[in-house]
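Some notes on the structure that comes next.
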Amino acid sequence: MLKTHNCGELRATHAGQQVTLAGWVHRWRDQGGLVFLDLRDRWGITQIKVDQQTAPDAHALAKEVRSEWVIQVTGTVILRPDGMQNPDLPTGDVELAVSELKVLNRAKTPPFYINKDEKVEEALRMRYRYLDLRRPAMQSNLVLRHNVIRFIRNYLSERGFVEIETPILFKTTPEGARDYLVPSRVHPGKFYALPQSPQQLKQLLMVAGYERYFQIARCFRDEDQRGDRQPEFTQLDLEMSFVEREDVLDLIEGMMTRLVEEVTDRELVTRPFPRLSHAEALARYGTDKPDLRYGLEIVDLSAIAGQTEFRVFADTVSAGNPVRAICVPGCGTYSRKQLGELEEIARTAGAKGLAWMAIEENGDVRSPIAKFFSEDQLKAVVERAGATPGDLILFAADTETVVCDVLDTLRREMAARLDLADPNKVAFCWVIDFPLFEWNADENRWDPSHHLFTAPMWEDLALLDSDPGKVRGQQYDLACNGYEIAGGSIRIHDRAVQEKVFGLIGLDEAVARERFGHMLEAFEFGTPPHGGIAPGIDRLVMLLAGEPNIREVIAFPKTQQAADLMAGAPSEADLKQLEELHIRTVVGENER
RNA sequence: GGGGGCGUAGUGUAGCGGUUAACAUGCCGGCCUGUCAAGCCGGAGAUCGCGGGUUCGAAUCCCGUCGCUCCCGCCA
């Protein structure tokens, strides 16, 4: 090794020892006859003192040294003089008095600061990702990611799970997201697909009798990006045999709880994890992935609103649609301008306008729609909303879907404005009892609300024939801080049920056999009841790291245009490569 | 596919019809033996993303385009 210690470990107890350190020059302070270098490696920073008197050769070299040069220094660990300790540094009680300094590699001036946390344009960070990753903040994110994955591996291994790898080259399944396709050289005109998840393979591992499987699995989906969505991402993929919903929930709840406690210093605010039915989540929070770090719950005011003279409300209710609201504490003083901003936000979520009531300090209601309410009705609204003087009530009156979208959007907006979403807190909750299907009006068929292997509630089996919309799925989602962090289900293990579901989602029998014949066949060879779940590692680590997007916890992420700006991917392929793959591109032809 | 934001010295920002294009930091040179976001002195560094238009005059207004980003659609 070119070093005897790392830059984060030297303490007062090391004083007097001769050590060698190596790393990058974080900062340098040339004092003339005395040069200080802050030497950085993955473990920390140690101050290096180079004295002209005692080490003239090293001192001469140190004068030339610049940021991010790679150097090796040998010297004696000494206690800093009284009053010269740096309490901001774990190694701040000591410094290294250098006798020998060697430049291992010089460095150009970096295109942005490594030694300073300053916003840098994303494109520049991505182009020089290896420098971006050198920043201590990024290093700590990736180390956290490692610790999370290590914890998971240990936790599951201790509980009898086996980690098994599944292929990256698999078969296209157009039912889900758009596939990434890989042309086959050996089979002209045919394609592999990269897995959107190892769903089928892990179920087949249950058929194979492994009973408890997991994998830190890379998944690929060719859909447009978001801050929490990359074209390739990592899931903890997990499947268990002979289990019911409770078993999977217990396992994951225990794992997440201990993970947060042992690997992070975040505060777990919901324990045990609350369980909300899908319907309840929508009613109380307007979303199936609620942020439970704060209240601002939705209240239903349809009964009162329907009785008022306010046409918008009355008409909404008589059409069978809801009028709901959230009560925002302390915002009763909002100006016309501020309320206008909120209305604009409500409109982007689909609202046609935004009705509001501000409760003044004396209890009076200030509102453009107050005149359509009787005194009793006003009182009832205020009471039902739980509003007190100084509060602001924001209404949504529309179809069920729009009301949910609008109030969910407003709830998150107001939480952000009031700083209610504490980044140090972690609030998990389970969402259960999803409908198995959603009606797809465009295609005139049912779509699976999770995926096509999700089992119906056994007691709802009969409804598959009579009323598919009423069938509840044995599906469960884990939400955390407003993100969907995991989704899973108990699976169908019976060929007849699986075929029935294929039929309901409009999958032609021949097509079903071509695409999923191997699954149907497998189900006939003694398939145990089984189920599983797949937490998204990137999102989980993002939340635990307190980062706003998953690029911050992925070493080499893609941009929103799915490009790698460092390597320049995607790129054109040689004509020869294309010929071997029996591929001809049509770029340009479409534009004509 | 659609909507919003951003693009000005290496970096982060200001300027938003007429400025010598400003500030901070970094960079280069000098001074300095207790600094640690070191300090002090001096210096270099910008075809204002790119292309076109409006105007006597454009970083500034308009159109297009490229890149990054947030959101809708999409994400079984």
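Note on naming: letters A, B, ... go to the chains in the order of the sequence lines (proteins, then strands), and numbering restarts at 1 for each one. For clarity, every value in this text was computed on a predicted model and none was experimentally measured.
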Query raised in the report: In whole Å, what is the span from the NZ atom of A:K49 to the C1' atom of B:U33?
Result: 9 Å

Query raised in the report: The side chain of A:R229 lies closest to which of these nucleotides: B:C75, B:U35, B:C68?
Result: B:C75

Report task. Using whole Å, report how far CD of A:E175 lies from P of B:C75. Result -> 12 Å

Query raised in the report: Any side-chain N or O of A:T109 less than 4.0 Å from the OP1 or OP2 oxygen of B:C27?
Result: no

Requested in this report: List for me each residue that meets side-chain hydrogen bond (donor to acceptor under 3.5 Å, both in side chains) alongside A:Q474, sequence neighbours excluded, and say none if there are none.
Outcome: none

Report task. Could you work out the separation of B:C62 and B:U20 based on their C1' atoms and round it to a whole Å? Result -> 29 Å

Query raised in the report: Can a salt bridge be assigned to the pair A:D564 and A:K558 using a cut-off of 4.0 Å between side-chain N and carboxylate O?
Result: no

Query raised in the report: For A:I505, which contact category applies under a 4.0 Å heavy-atom criterion: base, sugar-phosphate, or nothing?
Result: nothing

Requested in this report: Let me know the distance between CD of A:E122 and C1' of B:G49, rounded to the nearest Å.
Outcome: 17 Å

Query raised in the report: For RNA chain B, what residues of residues 402-418 of chain A have any heavy atom nearer than 4.0 Å?
Result: none

Requested in this report: Test A:D41 against A:N6 for side chain to side chain donor-acceptor pair (under 3.5 Å), laying out the working first.
Outcome: CA-CA 7 Å; A:D41 67 12; A:N6 67 53; 5.6 Å; no

Query raised in the report: Which part of the nucleic acid, if any, lies within contact of A:R551, taking any heavy atom under 4.0 Å across all strands shown: a base, the sugar-phosphate backbone alone, or nothing?
Result: sugar-phosphate

Query raised in the report: Distance-only, no hydrogens or angles: does the A:H59 side chain make a donor-acceptor pair with backbone N or O of A:G32 under 3.5 Å?
Result: yes

Query raised in the report: Which part of the nucleic acid, if any, lies within reach of A:Q560 when heavy atoms closer than 4.0 Å are counted: base, sugar-phosphate only, or nothing?
Result: base

Requested in this report: Quote, to the nearest angstrom, the C1' distance that separates B:G64 from B:C28.
Outcome: 41 Å

Query raised in the report: Between A:A563 and A:R226, who's closer to the 5' end of RNA chain B by nearest nucleotide?
Result: A:A563

Requested in this report: Locate the shortest heavy-atom distance separating A:L282 from A:C404; write the atom from each residue and the value.
Outcome: O-SG, 3.7 Å

Requested in this report: Kindly state whether the ring of A:W69 and the ring of A:W24 have centres lying under 6.0 angstrom apart.
Outcome: no

Report task. Tell whether A:R66 reaches the base of B:C28 with its side chain through a donor-acceptor pair below 3.5 angstrom. Result -> no

Requested in this report: Measure the distance from CD on A:Q47 to P on B:U33 and round it to the nearest whole Å.
Outcome: 16 Å

Query raised in the report: Counting only Watson-Crick or G-U wobble pairs whose two distances fall under 3.5 Å, which nucleotide matches B:G42?
Result: B:C28

**Report entry** Paired nucleotide for B:C36 [Watson-Crick or G-U wobble; both distances under 3.5 Å]
**Finding:** none

Query raised in the report: Across the strands shown, which category fits A:E95 at heavy-atom distances under 4.0 angstrom: base, sugar-phosphate, nothing?
Result: base

Query raised in the report: Parallel, tilted or perpendicular: which describes the rings of A:Y476 and A:W430, with under 30° parallel and over 60° perpendicular?
Result: perpendicular

Query raised in the report: Do A:D538 and A:Q230 have side-chain N/O donor and acceptor atoms under 3.5 Å apart?
Result: no

Requested in this report: Run the ring-centre check on A:Y180 versus A:Y192 and record whether the distance is less than 6.0 Å.
Outcome: no

Query raised in the report: When the ring planes of A:W439 and A:W446 are compared, do they come out parallel, tilted or perpendicular, using 30° and 60° as the limits?
Result: perpendicular

Query raised in the report: What is the nucleic acid contact for A:T173, judged by heavy atoms within less than 4.0 Å: base, sugar-phosphate only, or nothing?
Result: nothing

Query - Near-strand residues of residues 198-206 of chain A, defined as heavy-atom separation under 4.0 angstrom from RNA chain B - result: A:Q199

Query raised in the report: Is it the case that A:H451 and A:R491 place a side-chain donor and acceptor less than 3.5 Å from each other?
Result: yes

Query - Nucleic acid contacts of residues 127-136 of chain A, taken as heavy-atom distances under 4.0 Å to RNA chain B - result: none

**Report entry** Whether A:K289 side chain and A:G482 backbone form a donor-acceptor pair below 3.5 Å
**Finding:** no

Query raised in the report: Taking the side chain from A:R411 and the backbone from A:I326, do they hold a donor-acceptor pair closer than 3.5 Å?
Result: no

Pairs: protein N or O with nucleotides 5-12 of chain B N or O, under 3.5 Å:
| from | atom 1 | to | atom 2 | distance (Å) |
| --- | --- | --- | --- | --- |
| B:G10 | O2' | A:P111 | O | 3.0 |
| B:G10 | N2 | A:Y113 | OH | 2.9 |
| B:U11 | O2' | A:E118 | OE1 | 3.2 |
| B:G12 | OP1 | A:E121 | N | 2.7 |
| B:G12 | O4' | A:E118 | OE1 | 3.1 |

Report task. Please determine, for B:A22, whether a Watson-Crick or G-U wobble partner exists with both distances under 3.5 Å, and give it or none. Result -> B:U13

Query raised in the report: How far does the P atom of B:C68 sit from the matching atom of B:G12, given to the nearest Å?
Result: 16 Å

Requested in this report: Give a yes or no answer on whether the side chain of A:Q215 reaches the backbone of A:T166 with a donor-acceptor pair at less than 3.5 Å.
Outcome: yes

Query raised in the report: If you measure from the P atom in B:C36 to the same atom in B:C70, how many Å do you get, rounded?
Result: 38 Å

Query - Whole-Å gap separating C1' (B:C75) and CD (A:E438) - result: 13 Å

Query - Same-atom distance (P) from B:G5 to B:C63, integer angstrom - result: 12 Å

Query raised in the report: Under 3.5 Å, is there a donor-acceptor pair linking the side chains of A:D237 and A:Y213?
Result: yes

Query raised in the report: 5'-most contact on RNA chain B: A:T54 or A:T348, nearest heavy atom basis?
Result: A:T54

Report summary line: Scanning all shown strands, the Watson-Crick or wobble mate of B:A58 with both distances under 3.5 Å is none

**Report entry** Separation between the P atoms of B:U60 and B:U55, rounded to whole Å
**Finding:** 16 Å

Query - Euclidean distance, atom CD of residue A:Q225 to atom P of B:C72 [Å, nearest integer] - result: 14 Å

Query raised in the report: Is the backbone of A:G16 close enough, under 3.5 Å, to the side chain of A:T76 for a donor and an acceptor to pair up by distance?
Result: no

Could you go over nucleotides 37-44 of chain B and give all protein N or O partners under 3.5 Å, atom names and distances?
| from | atom 1 | to | atom 2 | distance (Å) |
| --- | --- | --- | --- | --- |
| B:A38 | OP2 | A:R27 | NE | 3.4 |
| B:A38 | OP2 | A:R29 | NH1 | 3.4 |
| B:A38 | N6 | A:D30 | O | 3.0 |
| B:A38 | N6 | A:Q31 | NE2 | 3.3 |
| B:A38 | N1 | A:Q31 | NE2 | 2.8 |

Query raised in the report: Taking NE2 from A:H26 and P from B:G26, how many angstroms apart are they, rounded to a whole number?
Result: 13 Å

Query raised in the report: Is there a donor on the side chain of A:R221 or the base of B:C75 sitting less than 3.5 Å from an acceptor on the other?
Result: no

Query raised in the report: What is the nucleic acid contact for A:D51, judged by heavy atoms within less than 4.0 Å: base, sugar-phosphate only, or nothing?
Result: base

Report task. Quick one: sort the A:Y128 and A:F112 rings into parallel, tilted or perpendicular, breaks at 30° and 60°. Result -> perpendicular

Report task. Would you mind reading off the distance between A:D447 atom CG and B:G73 atom P, rounded to a whole angstrom? Result -> 15 Å

Requested in this report: Quote, to the nearest angstrom, the P distance that separates B:G29 from B:U35.
Outcome: 24 Å

Report summary line: Between the CD1 atom in A:I432 and the CG atom in A:D288, the distance rounded to the nearest 0.5 Å is 13.0 Å

Requested in this report: For residues A:L10 and A:H5, determine if any side-chain heavy atom of one lies less than 4.5 Å from a side-chain heavy atom of the other.
Outcome: yes

Query raised in the report: Given the P atoms of B:C66 and B:C27, what is the spacing between them in whole Å?
Result: 37 Å

Query raised in the report: Between A:E68 and A:R66, is there a donor-acceptor pair closer than 3.5 Å when you use the side chain of the first and the backbone of the second?
Result: no

